[in-house]
K.L.:
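I'd like to ask some things about the structure below.
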Amino acid sequence: MFDHIGVSLFTGKSTPNLSYLTDTGNVWQGWEQYRLEGVCPIRVQYKAPLRELKISGSIPYLCRGHNYPAGTTDLREAMDYISQLIGLNVFAGSIDVFEFGQFVDVPLPVNVMLANHTRLPGFVAKGYLNQYSKEFESKALRVKLYDANRNFRHKVKGDAKQALRVDFGFEPGKHCLKVENHYKKPEIYFKQRVLVADLFNPAFVNLCKEDLLDTYRRIQKAPAGAIPDNKKDLSASMLPLLVLKDLETVHGFNVEDLLIQKLKTIPEEVLTCEDRKARKRQIRKMLSLTANTTTVSPFDVSTRLEEVLYRPSTIAISSSVNSYKA
C-alpha cells in the first residue's frame with residue numbers, strides 16, 4: 001500500500017557506501033546525484049557537509065517493476081536490501097514524502113468514475129480535462145485518483161508486465177481505480193515526525209487506512225438519477241441543463257436560482273407576467289427530472305474501498321523493524 005517514498009537519513013559519523021550505486025556525474029546545490037539500480041531505478045542524493053543522504057522513488061517499482069499489490073513484506077525486504085547496500089540503517093530515516101493507496105475494482109469504466117468525482121471541500125481540483133486521472137490538492141496532501149489499467153499499460157515493461165498478471169493476479173480486463181493519498185508534508189499532516197520504521201507499525205498503517213477512506217468519502221460524487229432514463233424526457237433543451245447540474249456540483253451555485261434570476265431580467269414586452277410564470281413552471285418541471293432518486297451515488301465506491309482496505313491479509317506485520325544494524 002506504500003508506493004513512492006522520500007527518505008532523509010542523517011549519517012552521523014558513518015560514511016555511506018556509495019560504490020554499489022550508479023554515479024550520474026551531476027551535482028545539484030551541493031547534492032551528489034546517484035541512481036540505485038533495480039527493475040525501475042530510484043534516486044539517491046548525498047551531501048557530505050550535512051552528513052545527509054536522501055532516497056526517493058517507488059520501492060515496489062524498484063523491486064518488481066509495478067506496484068500491484070505492494071505488501072509489507074516486500075517493503076521490508078527492500079528496505080533491508082538498501083540498508084545493507086549503503087551500510088546504513090534506513091529504518092531510522094525520516095519520511096519526507098510518501099504515498100499510501102489502494103486498488104479498487106469499480107463497476108464502470110474509470111473515465112466515467114473520474115468524471116463523476118467532482119469536488120473535495122478545502123482542496124483545489126486538478127485534471128478535469130484528463131479522463132484518466134484526477135487530483136485534489138491542499139498544502140500538505142494530494143489526493144490522486146487514476147486508471148490503474150492505463151497506468152500499467154504505459155509504465156510496466158517486459159517481464160514485469162507478465163508477472164503482474166500471472167504472479168500477482170492483476171486482471172487487465174477489469175475496471176480498476178487507484179485511490180491514493182500523497183502526503184507532501186507528513187510531519188505537518190500527522191503533527192509528528194514520521195520514520196521509515198512507522199511504515200511497519202500496525203497503528204500507523206491503520207491510521208493511513210482510516211485517513212484514505214475518510215478522504216475518499218469526503219469527495220463529492222455526482223448523485224444518482226441526474227440523467228433522465230426516459231427518451232422523451234431527454235430533449236435537446238435538456239442537455240444544457242444537465243451540463244449546468246454537473247457544474248452546480250463542482251462550483252456550488254444553485255441552477256434554479258440562476259435561471260429564475262435570468263428570467264426576471266427579461267422585459268415584459270418580450271415575456272408577460274403570465275409568460276414568466278409558465279416558463280418558471282417549465283423550468284422546475286425539467287429540474288425535477290434531474291432530481292436525486294437516492295442519497296447514494298452510483299459512482300461512490302466507499303464500501304468497496306473499505307472492504308479491500310480491511311480484508312484479512314496473509315502478510316504478517318512484524319513489530320521488529322530494526323532487524324538490520326549498521
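What you see is a predicted model, and the numbers here were worked out from it, not measured in a lab.
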K.L.:
For R311 and E306, indicate whether the former's side chain and the latter's backbone hold a donor-acceptor pair under 3.5 Å.
P.N.:
no
K.L.:
Between the side chains of S56 and R43, is a donor N or O closer than 3.5 angstrom to an acceptor N or O?
P.N.:
no
K.L.:
Under 6.0 Å from the CZ atom of F168, do we count more than 12 heavy atoms belonging to anything else shown?
P.N.:
yes
K.L.:
Among I82, L53, D80, L85, exactly one meets side chain to side chain contact (heavy atoms under 4.5 Å, CB included) together with V90. Which residue is that?
P.N.:
I82
K.L.:
Any luck finding a side-chain donor-acceptor pair between T22 and E37 under 3.5 Å?
P.N.:
yes
K.L.:
Can you label the angle between the F170 ring and the F152 ring as parallel, tilted or perpendicular, going by 30° and 60°?
P.N.:
perpendicular
K.L.:
Could you check whether any side-chain N or O of K157 sits under 3.5 Å from a backbone N or O of G65, counting only pairs where one atom can act as donor and the other as acceptor?
P.N.:
no
K.L.:
Is the ring centre of F103 less than 6.0 Å from the ring centre of Y68?
P.N.:
yes
K.L.:
Less than 6.0 Å separating the ring centroids of F136 and H117?
P.N.:
no
K.L.:
Looking just at side-chain N and O atoms, do D211 and Y183 make a donor-acceptor pair shorter than 3.5 Å?
P.N.:
yes
K.L.:
Checking side-chain polar atoms at under 3.5 Å, does E99 have a donor or acceptor matched by the opposite partner on H4?
P.N.:
no
K.L.:
Suppose we screen for salt bridge (charged side-chain N to carboxylate O under 4.0 Å, His left out). Which residues come up paired with E256, at least two apart in sequence or across chains?
P.N.:
R284
K.L.:
On the six-membered ring of Y310, is K209 placed so that its NZ or CZ lies under 6.0 angstrom from the centre and within 45° of the ring axis?
P.N.:
yes
K.L.:
Indicate yes or no for a side-chain donor-acceptor contact from N149 to the backbone of K174 under 3.5 Å, with no hydrogens or angles considered.
P.N.:
yes
K.L.:
So does D300 get a backbone contact from the side chain of K221, meaning a donor-acceptor N/O pair under 3.5 Å?
P.N.:
no
K.L.:
Which residues pass the side chain to side chain donor-acceptor pair (under 3.5 Å) test with N206, sequence neighbours left out?
P.N.:
none
K.L.:
Under 6.0 Å from the CG atom of D105, do we count more than 12 heavy atoms belonging to anything else shown?
P.N.:
yes
K.L.:
Is it the case that the side chain of D198 and the backbone of N201 share a donor-acceptor pair, with hydrogens and angles ignored and the cut-off at 3.5 Å?
P.N.:
no
K.L.:
Check whether the side chains of E32 and Y34 place a donor and an acceptor atom closer than 3.5 Å, and report yes or no.
P.N.:
yes
